[in-house]
Amino acid sequence: MQLIRFIWYYYYEYTECDSAGSRWRVAIPHNLGTCSALPTPTRGTDCSFSCAAGEFLEMSTQQCTPCAAGSYSLGSGVRFDQWDTIPAGFTSLATYMDPGPSGEESQACNSSSWTPQGVYLESSRDECTVSLVYAVHLEKQGSVSFSYQYPDNNIFLEFYVQNEQCQEMAQTDDQKWIKLTTNGEWDTHTVNLKSGTNILYWRTTGVLVGGKMVKPVLLRNIQIEGVAYTSECFPCRPGWFSSAPGSSSCQPCPRNTSSNKGATSCTPCPDTQYSHEGWSQCKERPPCSEKDYFQIHTACDSEGKTQVMYRWVEPRICEENVTGAVALPPTGEREACPPCNPGYYNTNDSTCFPCPPGTHSDGTSVCEECPAGTEPVLGYEYKWWNVLPSNMKTSCFNVVICCRSGWEVAGDHIRSGAGGSDNDYLILNLHVPGFKLPTSLAGMTGSEFGRITFVFETICSADCELYFMMSTTVVESWEGSKERQSYTHIMTRNASVSYTWAFQRTNQAQDVRRYISDVVILYSVSVTNVQDGVASACRACALLSQSSQRSGSCIPCPAGFYIDRDTNRCQECPPNTYLSGHHTYGEDACLPCGPGSKSNKEHSRCYSDCSFSHTENNRTLTFDLSSLSTVASLTIGPSFTSKGTKYLHVFNVSLCGHQGKMAAVCTDNVTDIANKDMGSDSTQFVNSVDSFICQSTIIPADGRGFRMALASQSISLADTFVGEMATGSCQRGRSAVMTIRCNPEKTDRGQLTVPSACPAGTCDGCTFHFLWESGSACPRCTQDDYHQIEGACKGGAQETLSVWNEPKLCIKGMSLPAKSSAPCEAIALWLKAGVGGGAFLAVLLVSLTCYFWKKNKRLEYKYSRLVMSANKDCELPVADSCALAEGEEPEDDVVYSHKPSLLGKLRAIANKVHPSLRDGSGGNDEKEEGRKEGRKEGEREIERERRSESW
């Protein structure tokens with residue numbers, strides 16, 4: 001009794017190892033301060049000493065002792081596989097590397113941490129940087145290994161080791177950056193450790209740039225080797241057991257059993273209760289409902305019949321013999337089996353077999369050879385689902401264990417099965433050994449080797465999600481319910497590949513089945529140009545000439561040639577057309593290039609050669625964009641997520657040139673590291689995007705504390721040059737519109753910007769708009785872009801100067817003509833002629849004025865004499881009063897006058913004659929005769945005046 005009391009009074013520990021590698025065993029009291037009656041220190045075991053797995057070091061005897069049943073030991077290691085809480089020694093640290101505006105540390109990540117979930121540890125789902133830290137001291141070189149699930153590359157997961165001075169140990173990239181896993185699958189990562197103190201970091205950072213919830217990283221079974229000894233064994237956690245002493249691990253309890261901590265065996269559940277594998281307690285069975293069973297189609301029998309059957313979801317947890325439970329529906333009636341898939345033929349026992357090479361079948365008839373001048377169209381085409389094709393597999397994964405009932409065939413479709421729980425990943429895999437272009441396409445230089453097309457539909461009431469993957473890379477995903485639709489993915493590299501459809505009803509772990517009715521339905525799957533595939537039809541091919549000995553054999557057409565429908569001979573496509581990637585028969589296979597573009601010599605794609613012409617208002621504008629041919633980059637940002645993570649959008653643009661090669665490359669550097677040495681061909685399909693315009697999301701190195709900037713979410717915005725405009729919608733892919741504006745004030749490279757209303761380059765996420773202002777975008781100068789100015793005539797010479805029209809909107813092209821000079825006269829000939837003519841007219845006018853003035857004076861004189869003679873004795877003037885004077889000559893000149901006419905004046909005088917004259921009294925004959933002569937002479941004078949006035 002005294003010995004037992006002393007043993008409980010203290011415990012043993014080793015001291016630190018000295019330089020010789022030795023140590024001492026000392027007794028330490030449980031209650032500090034009571035050091036009486038303690039055993040004296042004794043020399044301990046060598047520092048490198050360790051027990052084997054399943055044993056522990058008994059400190060009282062310093063001997064290795066087997067672990068008792070119900071416990072386990074790793075010998076020189078330690079394992080953490082129970083995560084009801086974060087074990088002692090582990091720390092979860094949430095850090096934020098971006099300080100606030102005033103330098104203060106952000107509090108947005110205080111609630112972010114690694115969360116224990118019973119059998120695994122779950123990372124944070126936000127963009128905070130959360131580290132799981134564990135410090136361990138190794139007495140010798142060891143290692144650390146852990147199992148993990150890492151399905152989402154929108155979370156960056158890195159594992160690194162520091163020493164006690166917080167200096168990072170040397171690690172390769174594939175040791176530091178963890179590679180991705182397929183949905184639902186667990187992988188193991190192992191890193192060697194040096195002796196001494198090792199601080200282990202599991203660090204995650206989410207990138208929620210698109211606002212989509214990311215899938216967390218899961219950790220379990222962390223095991224560290226290199227600990228010199230373990231002084232005790234670890235009890236098995238609840239739901240697990242070890243039946244024999246000296247166990248190095250515990251085993252999970254089978255289904256419908258349970259156990260407590262440290263159990264040596266598992267206890268069966270009562271008939272009215274159930275449990276899953278590894279459960280620590282049993283639960284009551286609920287009544288069976290419609291959610292507990294599903295239907296299948298049986299395989300075709302010898303009579304070509306199938307029928308619908310119903311089965312319970314396994315493992316079955318419901319009870320059908322209680323009130324309110326539903327029974328399993330009866331088996332349906334037999335019905336005719338669907339036909340074979342194209343490329344297969346039916347045998348007498350209703351089994352479908354692939355057609356032999358060189359033959360084809362539509363699935364309803366026997367296989368037939370292809371006619372002369374044709375070749376089989378190889379591939380896979382699955383549209384009838386009576387049995388699962390031999391190259392397809394189905395499985396189900398849970399975060400804990402594998403489950404059954406992944407996908408089920410159902411006649412005209414295949415659908416997701418029941419699974420084991422609502423958060424299971426239901427996996428359907430299709431293996432393609434490789435691609436082989438048919439003979440008629442073998443000469444093409446395009447980037448398409450094949451394509452996969454499938455028609456699907458999702459019916460969901462929760463947050464279900466369907467993933468389409470190529471190996472471990474997610475190509476596309478769909479959330480929630482989706483109407484029946486088709487999706488096509490083009491293979492641009494020739495390699496073996498596995499296509500995977502993964503369906504998850506909900507990402508929330510639940511013990512109760514609630515969403516069993518949420519399903520995904522796959523109606524058809526077709527893959528073209530499959531190596532060793534089957535043929536559903538034949539296609540025309542190019543033939544050798546009739547003079548050839550192998551006349552009638554198929555030959556590949558050269559690059560850029562199509563097969564003429566009439567002659568089955570190869571014909572080159574017309575200029576500025578390109579061949580569609582999967583069709584070469586007929587001239588209509590040559591598609592025209594868009595405006596402003598031309599085809600390369602292989603007619604495999606259209607591109608811009610950086611020059612084009614445009615006619616407007618009878619004027620031809622010629623543009624030279626060669627200065628914009630090199631790849632340009634545009635960085636937009638910074639932007640911040642809801643948690644404050646700083647990120648940038650980087651666009652790379654290859655506008656023209658390069659013979660149509662898509663020179664813009666966007667790379668995911670983390671994805672590149674994460675996929676190294678994956679042992680598959682998936683690295684050929686990820687890491688970088690080649691395009692005319694592509695986009696990457698960049699987290700700066702100073703933004704999250706990373707040692708380098710992280711690039712992710714690289715997408716292609718334009719991989720086909722269609723001409724002056726590119727339009728589309730997200731259902732048909734993304735598109736980009738590049739507007740090039742002439743700005744002579746900019747350099748040749750210019751400036752690339754996005755609309756201010758859409759700072760990310762897009763307002764709807766589908767169409768991206770860019771503005772490139774550059775001097776190179778201006779047309780070439782022509783003679784219409786300048787005008788000439790003539791100077792004054794100086795010293796007999798005149799200069800002519802050419803100046804550009806303002807504003808100047810042209811570059812290069814025609815230069816301004818040099819200043820020119822031409823002889824000239826001081827006074828121009830026309831000016832001389834004008835001055836001479838004017839002087840002559842002036843003289844003539846003065847002469848005429850004098851002439852008519854003189855004549856008018858004469859007439860006034862004659863008129864005055866006539867008036868005076870008419871007034872004398874009230875008689876008319878005598879005839880000779882108007883006669884010509886001696887020496888006068890008669891004048892018939894025309895005189896213009898605005899004064900009263902002579903006739904009017906005479907009439908006025910006649911009205912004033914004495915009445916006796918009007919009556920004819922008081923005169924003699926001589927006087928009367930004189931008056932008559934005078935009257936006649938007056939009348940003649942009046943007549944001359946009248947004619948003068950008429951002129």
Exercise. Rounded to the nearest 0.5 Å, what separation is found between the CZ atom of Phe56 and the SG atom of Cys64?
Worked result: 9.5 Å
Exercise. Angle class for the Trp202/Phe90 ring planes (parallel below 30°, perpendicular above 60°, tilted otherwise)?
Worked result: tilted
For this session: Let me see the working for Ser71 and Glu232 under side chain to side chain contact (heavy atoms under 4.5 Å, CB included), right down to the final yes or no.
Result: CA-CA 10 Å; Ser71 63; Glu232 60 180 350; over 6 Å; no
Problem set entry | Derivation and outcome, side chain to side chain donor-acceptor pair (under 3.5 Å), residues Ser145 and Thr188 | CA-CA 7 Å; Ser145 63; Thr188 301; over 6 Å; no
For this session: Using a 4.5 Å cut-off on heavy atoms from C-beta on, say whether the side chain of Leu180 contacts that of Asp152.
Result: no
For this session: Identify the two heavy atoms, one from Ala88 and one from Tyr134, that lie closest to each other, and give their separation to 0.1 Å.
Result: O-CE1, 4.1 Å
Problem set entry | Donor on one side chain, acceptor on other, Thr129 and Thr205, under 3.5 Å | yes
Exercise. Any idea how His276 and Trp279 line up, ring-wise: parallel (<30°), tilted (30 to 60°), or perpendicular (>60°)?
Worked result: perpendicular
For this session: Find out whether Cys51 and Leu57 are in side-chain contact, i.e. whether some heavy atom of one side chain is under 4.5 Å from a heavy atom of the other.
Result: yes
Exercise. Is any side-chain heavy atom of Leu74 closer than 4.5 Å to a side-chain heavy atom of Gln223?
Worked result: yes
Exercise. Is the Lys NZ or Arg CZ of Arg220 less than 6.0 Å from the centre of Trp83's six-membered ring, within 45° of the axis?
Worked result: no
Exercise. Do the non-hydrogen side-chain atoms of Gln251 and Ser249 ever get within less than 4.5 Å of each other?
Worked result: yes
For this session: Find the distance between NE2 (His189) and OG1 (Thr181) and round it off to the nearest 0.5 Å.
Result: 13.0 Å
Problem set entry | Steps toward side chain to side chain contact (heavy atoms under 4.5 Å, CB included) verdict (Cys250, Phe241) | CA-CA 5 Å; Cys250 299; Phe241 73 100; over 6 Å; no
For this session: Would you verify whether the NZ or CZ of Arg25 falls within 45 degrees of the ring axis of Tyr12 while also being under 6.0 Å from that six-membered ring's centre?
Result: yes
Seminar exercise, completed: Asp187 meets the salt bridge (Lys or Arg N to Asp or Glu O under 4.0 Å) criterion, sequence neighbours left out, with Lys179
Exercise. Going through the distances and angles, do Val227 and Ser76 end up as a side chain to side chain contact (heavy atoms under 4.5 Å, CB included)?
Worked result: CA-CA 5 Å; Val227 179; Ser76 62; 5.5 Å; no
Problem set entry | Nearest heavy atoms of Trp240 and Ala263, plus distance in Å | O-CB, 3.9 Å
Exercise. Taking atom types as modelled and ignoring hydrogens, do the side chains of Asn192 and Ser143 form a donor-acceptor contact shorter than 3.5 angstrom?
Worked result: no
For this session: Please name the residue in the list Leu193, Ile222, Leu132 that meets the side chain to side chain contact (heavy atoms under 4.5 Å, CB included) test with Leu200.
Result: Leu193
Exercise. Less than 4.5 Å apart, any side-chain heavy atom of Ile178 and any of Tyr148?
Worked result: yes
For this session: Please work out which of the three classes, parallel, tilted or perpendicular, describes the rings of Tyr499 and Phe468, given edges at 30° and 60°.
Result: parallel
Exercise. Ring pair (Phe, Tyr, Trp, His ring centres under 6.0 Å) with Phe234: which residues, sequence neighbours excluded?
Worked result: Tyr72
Seminar exercise, completed: Hits for side chain to side chain donor-acceptor pair (under 3.5 Å) against Ser243, two or more places apart or cross-chain, chain-then-number order -> none
Exercise. Got Trp186 and Tyr120 here, is their nearest side-chain heavy-atom distance under 4.5 Å?
Worked result: yes
Exercise. Under 3.5 Å, side chain of Ser498 to main-chain N/O of His431, donor-acceptor pair present?
Worked result: no
Exercise. Which value, rounded to the nearest 0.5 Å, describes the distance between His137 atom NE2 and Ser195 atom OG?
Worked result: 7.5 Å
Problem set entry | Separation between CG of Asn652 and OG of Ser691, rounded to the nearest 0.5 Å | 10.0 Å
Problem set entry | Distance, nearest 0.5 Å, that separates CZ of Arg125 from OG1 of Thr115 | 9.0 Å
For this session: Please check if atom NZ in Lys393 has more than 12 non-hydrogen atoms from other residues, nucleotides or ligands closer than 6.0 Å.
Result: no
Problem set entry | Short side-chain to backbone donor-acceptor contact, Ser73 and Cys233, under 3.5 Å | no
For this session: For Thr45 and Arg23, test the side chains for any donor-to-acceptor distance below 3.5 angstrom and give the result as yes or no.
Result: yes
For this session: Classify the ring geometry between Tyr201 and Tyr160 as parallel (under 30°), tilted (30 to 60°) or perpendicular (over 60°).
Result: parallel
Problem set entry | Nearest heavy atoms of Ser112 and Val130, plus distance in Å | CB-CG2, 3.8 Å
For this session: Please tell me if the side chains of Glu55 and Thr65 come closer than 4.5 Å, counting only heavy atoms from C-beta onward.
Result: no
For this session: Report yes if some heavy atom in the side chain of Glu476 is under 4.5 Å from a heavy atom in the side chain of Met469; otherwise report no.
Result: no
Exercise. Is the closest basic N to carboxylate O distance between Arg255 and Glu277 below 4.0 Å?
Worked result: no
Exercise. How would you list, by chain and number, every residue that makes a salt bridge (Lys or Arg N to Asp or Glu O under 4.0 Å) with Glu225, sequence neighbours excluded?
Worked result: none
Seminar exercise, completed: Between Cys266 and Pro254, the two heavy atoms sitting closest are SG-CD, 4.1 Å
Problem set entry | Partner set under side chain to side chain donor-acceptor pair (under 3.5 Å) for Thr500, not counting sequence neighbours | Asn429
Exercise. Can you name the nearest heavy-atom pair linking Gly118 to Asp84, along with the distance?
Worked result: CA-OD1, 3.5 Å
For this session: Identify the residue among Asp463, Asn423, Asp422 that makes a side-chain hydrogen bond (donor to acceptor under 3.5 Å, both in side chains) with Thr506.
Result: Asp463
Problem set entry | Euclidean distance, Gln167 CD relative to Gln162 CD, rounded to 0.5 Å | 9.0 Å
Exercise. Does Thr394 use its side chain to pair, donor to acceptor, with the backbone of Ile427 at less than 3.5 Å?
Worked result: yes
Exercise. Where is the tightest heavy-atom contact between Gln281 and Ser275, given as atom of each residue plus distance?
Worked result: O-CB, 3.9 Å
For this session: Identify, with sequence neighbours excluded, every residue that meets side chain to side chain donor-acceptor pair (under 3.5 Å) alongside Gln62.
Result: Tyr14
For this session: Test side chain to side chain contact (heavy atoms under 4.5 Å, CB included) on Gln504 and Glu465 and set out the steps.
Result: CA-CA 6 Å; Gln504 188 182 36; Glu465 189 163 6; 5.5 Å; no
Exercise. Does Ser242 reach the main-chain N or O of Ala244 with its side chain, forming a donor-acceptor pair under 3.5 Å?
Worked result: no
